[in-house]
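Residue indices begin at 1 and follow the sequence shown. Source: prediction; values computed, not measured.
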Amino acid sequence: MKMQDAMDMARRIRNNIAQVIVGKEEVIDLLLAALLGNGHVLLEDVPGTGKTLLAKALARSMDGSFRRIQFTPDLLPSDLSGINFYNQKSGEFEFRPGPLFTEVLLADEINRATPRTQSSLLECMEERQVTIDGVTHELAGAFFVMATQNPIDNQGTFPLPEAQLDRFLMRITMGYPSYQEGIDILERYSSHNPLLELTPAASAKEISEAQQRASEVHVTRDLLGYIVALTEATRKHPEVRLGASPRASGALLRAAKGYAFVQGRDYVVPDDIKAIAVPVLAHRLLLRQGLNLGESREAGIIRQILNEVTVPAEENAKGKQVD
């Protein structure tokens with residue numbers, strides 16, 4: 001697949017999702033940037049803002065397998081990965097794959113599962129494989145996890161540990177619609193559900209090829225320095241106990257390439273990095289005791305850092321590619 005063909009495919013998916021989701025163009029772009037950056041997304045917001053609907057719209061826009069798992073306290077790791085069961089007819093053990101063996105996985109209300117079950121996602125999200133009874137099973141090449149959680153609901157929930165949060169390329173907040181968007185939502189859904197009318201805009205194979213093309217987006221050395229400067233600044237901030245790691249720098253690079261790709265460019269500009277800095281870095285910060293006031297404070301720190309760190313000259317953005 002050529003670079004331009006892959007960009008056209010990303011545009012078709014974006015237009016497809018926009019038939020279901022009113023407004024939220026920036027959120028859709030971030031979601032696609034994470035997908036093309038070969039990462040995973042945590043959708044965090046209060047109930048009723050369209051988190052699950054957004055995930056379903058993306059899944060329907062891809063001609064691949066889709067599984068939705070409702071996370072509950074009694075959900076076991078084997079309920080996700082599958083089990084080896086004894087077949088009495090053959091006299092042998094056979095593997096019965098679980099819902100992890102899919103292209104797109106929606107982990108609904110992930111923070112309602114126990115830490116044991118949450119941790120079972122670590123290997124599959126990072127390495128695209130699952131090990132069961134000592135045997136490693138490969139997952140789909142375009143394996144993509146979208147998880148949702150309600151940040152204000154504490155009863156019966158198990159907050160995601162830092163190691164699990166770090167596996168998500170981005171944490172995206174939907175936010176409430178504007179007044180006009182609220183009217184448009186009522187009009188669009190008053191007589192039918194547009195989600196049911198969506199047709200696939202790309203196959204799983206095309207998504208994998210587009211991910212490869214997105215990884216080839218040009219990034220200058222100056223912008224690499226800008227990425228490292230941003231992550232280093234989080235470690236030196238007086239309100240941050242644990243700043244962004246080198247893995248976060250890599251995540252920022254992958255997300256910036258994916259975002260530039262979604263915008264129809266084969267090179268990254270500083271504004272791409274600024275656009276994805278908060279969703280990529282904010283959930284990776286651990287604030288000092290008494291200062292962890294939730295996503296808004298973490299996002300405020302990232303925005304403060306963006307204002308303080310020197311931005312490279314944009315005219316160099318089309319410079320030599322950095323692999």
Side-chain angles (χ1 to χ4, degrees), residues 13 16-17 20-22 24 27-28 30-32 34-35 39-62 64-82 97-126 128 130 139-140 142-161 163-177 185 189 193-196 198 200 204 207 279 283 294-295:
I13 295 178
N16 225 30
I17 297 174
V20 175
I21 303 296
V22 176
K24 308 301 180 187
V27 171
I28 296 173
L30 290 173
L31 182 66
L32 291 178
L35 173 65
H40 308 284
V41 167
L42 177 64
L43 298 171
E44 183 178 87
D45 216 322
V46 296
T49 52
K51 301 186 297 296
T52 302
L53 186 63
L54 175 63
K56 288 183 176 180
L58 175 62
R60 282 182 176 266
S61 299
M62 297 168 56
S65 56
F66 167 67
R67 296 288 186 92
R68 175 181 181 271
I69 307 173
Q70 183 64 49
F71 276 60
T72 57
D74 59 349
L75 191 72
L76 299 175
S78 59
D79 295 329
L80 301 176
S81 59
L100 286 182
F101 290 84
T102 184
E103 268 93 27
V104 180
L105 176 70
L106 172 57
D108 222 353
E109 296 186 294
I110 188 174
N111 57 332
R112 290 199 173 277
T114 61
R116 179 187 177 192
T117 303
Q118 291 175 5
S119 65
S120 66
L121 287 174
L122 287 175
E123 181 184 16
C124 68
M125 291 175 66
E126 185 71 18
R128 266 65 172 185
V130 178
L139 297 176
F143 180 67
F144 180 57
V145 175
M146 291 178 287
T148 70
Q149 70 174 6
N150 177 5
I152 64 171
D153 191 1
N154 294 322
Q155 289 189 341
T157 62
F158 303 87
L160 293 174
Q164 184 82 16
L165 283 172
D166 199 41
R167 295 308 195 275
F168 288 100
L169 184 66
M170 294 187 193
R171 181 176 65 182
I172 301 175
T173 300
M174 294 285 292
Y176 286 116
I185 290 171
Y189 284 85
N193 185 352
L195 179 66
L196 302 179
L198 282 191
I207 293 294
H283 66 285
E295 191 275 338

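Ala59 and Val104 make their closest contact through CB-CG1, 4.1 Å (heavy atoms, listed as atom of the first residue, atom of the second, distance). The two residues Met174 and Thr49 have their closest heavy-atom pair at CE-O, 3.4 Å. Here the closest heavy-atom approach between residue Ser81 and residue Val130 is recorded as CB-CG1, 3.7 Å. Between Glu103 and Ala204, the shortest heavy-atom distance links the atoms CG-CB, 3.7 Å. Closest of all the heavy-atom pairs between Leu106 and Ala55 is CD1-CB, 3.6 Å. When all heavy atoms of Leu139 and Leu100 are compared, the pair lying nearest together is CD2-O, 3.7 Å.
Residue-environment remark: CZ (Arg128) exceeds the threshold of 12 foreign heavy atoms within 6.0 Å.
Looking only at distances, a side-chain donor or acceptor of His40 sits under 3.5 Å from a matching main-chain atom of Met125. Looking only at distances, no side-chain donor or acceptor of Ser61 sits under 3.5 Å from a matching main-chain atom of Pro200. Proximity of a side-chain donor or acceptor of Lys51 to a complementary backbone N or O of Leu42 within less than 3.5 Å is not detected. Looking only at distances, a side-chain donor or acceptor of Gln118 sits under 3.5 Å from a matching main-chain atom of Phe158.
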Verdict with supporting geometry, Met170 and Phe168, side-chain contact (heavy atoms from CB on, under 4.5 Å): CA-CA 5 Å; Met170 294 187 193; Phe168 288 100; over 6 Å; no
Run the numbers on Tyr189 and Leu53 for side-chain contact (heavy atoms from CB on, under 4.5 Å), then give the verdict. CA-CA 12 Å; Tyr189 284 85; Leu53 186 63; 3.2 Å; yes
Please assess Leu105 against Ile69 for the test side-chain contact (heavy atoms from CB on, under 4.5 Å), listing each intermediate value before the final yes or no. CA-CA 8 Å; Leu105 176 70; Ile69 307 173; 3.5 Å; yes
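The side-chain hydrogen bond (donor to acceptor under 3.5 Å, both in side chains) with Thr148 is formed by just one residue from the set Asn111, Asp108, Thr52; it is Asp108.
One finds the CE atom of Met146 at 12.5 Å from the CD1 atom of Ile110 (value rounded to the nearest 0.5 Å). To the nearest 0.5 Å, atom CG of residue Leu58 and atom CG of residue Asn16 are 9.5 Å apart.
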Quiz: residues 71-78 side-chain donor-acceptor pairs under 3.5 angstrom, not counting sequence neighbours:
{"from": "Thr72", "atom 1": "OG1", "to": "Asp74", "atom 2": "OD1", "distance (Å)": "2.5"}

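For Arg60, the salt bridge (charged side-chain N to carboxylate O under 4.0 Å, His left out) test picks out no residue, with sequence neighbours left out.
No side-chain heavy atom of Glu109 sits under 4.5 Å from any side-chain heavy atom of Asn150.
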